[in-house]
Enquirer: 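I am attaching a structure below and will ask some questions about it afterwards.
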Amino acid sequence: MNYWLMKSEPTEFSIDDLAARPDRREPWDGVRNYQARNFMRDAMRVGDLAFFYHSNCEPPGIVGIVRIASEARPDPTAFDPRDKHYDPKSDPDDPRWWLVEVEFVEKFGRPVTLAALKSRPELADMQLVKRGNRLSVMPVEPRHWDIIRKMAYEGA
DNA sequence: GCCAACGTTGGC
DNA sequence: GCCAACGTTGGC
């Protein structure tokens, strides 16, 4: 079982949007970064858990937990010329971009903000808090996962 | 293969 | 809105 962190801008797709889906599931489409794609396509397994991170908002931070609910499959938005994430270089016979489905698990009572994460010396080696990090899908070390969950439940 | 130009991410 | 950091593109 692996742990992950997945970013989304809440104005695009928020954890409340996910919770409001009838089946509480959603394809995590639109990822257009090779490293992030590789994590989804090659390393994620059904049942893995991921932090849902709100980026580009006030405040940025982890707002809850989702479960990986499907194996990876080609991202159909790459093939749709009307889609904002259309990529003419993604060939349906050899797809360039992939997605997994995520399923709502829980929303924290209050977010664990990026500022709070940065204030913890034990989290200093997390990929997320490192300077210049732009990766939208990344692994989370189990020890970091445990610390952050405690922060969420303590309201820290 | 190098690298400058460009576009995007995302915190602040 | 600004801009640093980073990834991608394309000329050479």
Side-chain angles (χ1 to χ4, degrees), chain A residues 2-21 26-44 48-66 68 72-102 104-141 143-145 147-152 154-156:
Chain A
N2 292 310
Y3 296 112
W4 306 95
L5 181 142
M6 302 170 84
K7 292 183 188 175
S8 181
E9 301 192 12
T11 53
E12 297 296 317
F13 185 74
S14 72
I15 194 161
D16 292 328
D17 294 330
L18 178 63
R21 290 285 190 266
E26 184 78 359
W28 200 265
D29 58 19
V31 171
R32 296 293 179 268
N33 170 282
Y34 290 102
Q35 212 182 338
R37 175 206 68 184
N38 292 346
F39 286 133
M40 288 198 296
R41 189 188 58 183
D42 306 332
M44 280 185 177
D48 284 355
L49 296 177
F51 287 133
F52 194 123
Y53 180 89
H54 280 179
S55 66
N56 232 321
C57 60
E58 189 52 44
I62 297 169
V63 293
I65 294 176
V66 298
I68 306 307
R73 63 172 187 268
D75 181 347
T77 65
F79 308 132
D80 179 358
R82 293 176 311 278
D83 194 279
K84 152 182 181 186
H85 300 290
Y86 174 57
D87 181 357
K89 286 182 262 184
S90 187
D91 175 357
D93 293 326
D94 183 18
R96 176 176 296 203
W97 304 117
W98 295 64
L99 59 76
V100 296
E101 279 190 33
V102 302
F104 180 85
V105 174
E106 68 173 303
K107 180 184 176 183
F108 296 153
R110 84 175 64 152
V112 179
T113 65
L114 181 60
L117 296 170
K118 284 183 168 173
S119 75
R120 293 284 186 123
E122 324 88 274
L123 299 178
D125 54 336
M126 255 191 106
Q127 227 169 325
L128 179 74
V129 304
K130 287 186 184 164
R131 187 177 149 76
N133 166 64
R134 288 169 39 183
L135 198 55
S136 64
V137 176
M138 71 184 79
V140 173
E141 302 273 343
R143 67 179 192 282
H144 294 154
W145 181 274
I147 293 166
I148 293 166
R149 278 227 306 196
K150 285 197 188 92
M151 290 170 75
E154 288 159 7

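Order of the sequence lines fixes the chain letters, A, B, ..., with proteins taken first and strands second; residue numbering starts at 1 for each chain.
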Enquirer: Identify all pairs in which a protein N or O lies below 3.5 Å from an N or O of nucleotides 3-10 of chain B, and state each distance.
Expert:
unit_1  : atom_1 : unit_2    : atom_2 : d
dT8(B)  : O2     : Arg134(A) : NH1    : 3.4
dT8(B)  : O2     : Arg134(A) : NH2    : 3.3
dG10(B) : OP1    : Lys7(A)   : NZ     : 2.9
dG10(B) : OP1    : Arg134(A) : O      : 2.9
dG10(B) : N7     : Asn56(A)  : ND2    : 3.4

Enquirer: Start at the 5' end of DNA chain C and walk down; is the nucleotide closest to Arg96(A) or to Gly132(A) reached first?
Expert: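 Counting from the 5' end, the first nearest nucleotide belongs to Gly132(A).
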
Enquirer: Donor-acceptor pairs under 3.5 angstrom involving side-chain atoms of residues 50-66 of chain A: please list them, not counting sequence neighbours.
Expert:
unit_1   : atom_1 : unit_2   : atom_2 : d
His54(A) : NE2    : Ile15(A) : N      : 3.2
Asn56(A) : ND2    : Glu9(A)  : OE2    : 3.2

Enquirer: Could you work out, with side chain to side chain contact (heavy atoms under 4.5 Å, CB included) as the rule, every residue matching Phe79(A), not counting sequence neighbours?
Expert: Pro74(A), Ser90(A), Pro92(A), Pro95(A)

Enquirer: With respect to the phosphate group of dG11(B), does any side-chain polar atom (N or O) of Lys130(A) fall under 4.0 Å of OP1 or OP2?
Expert: no

Enquirer: With sequence neighbours excluded, what pairs up with Lys89(A) under the side chain to side chain donor-acceptor pair (under 3.5 Å) test?
Expert: none

Enquirer: Report the residues that fulfil side chain to side chain contact (heavy atoms under 4.5 Å, CB included) with Ala19(A), sequence neighbours left out, ordered by chain and then residue number.
Expert: Arg24(A), Phe104(A)

Enquirer: With sequence neighbours excluded, tell me which residues meet salt bridge (charged side-chain N to carboxylate O under 4.0 Å, His left out) with Glu101(A).
Expert: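 Checked Glu101(A) against salt bridge (charged side-chain N to carboxylate O under 4.0 Å, His left out); matches are Arg25(A), Arg73(A).
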
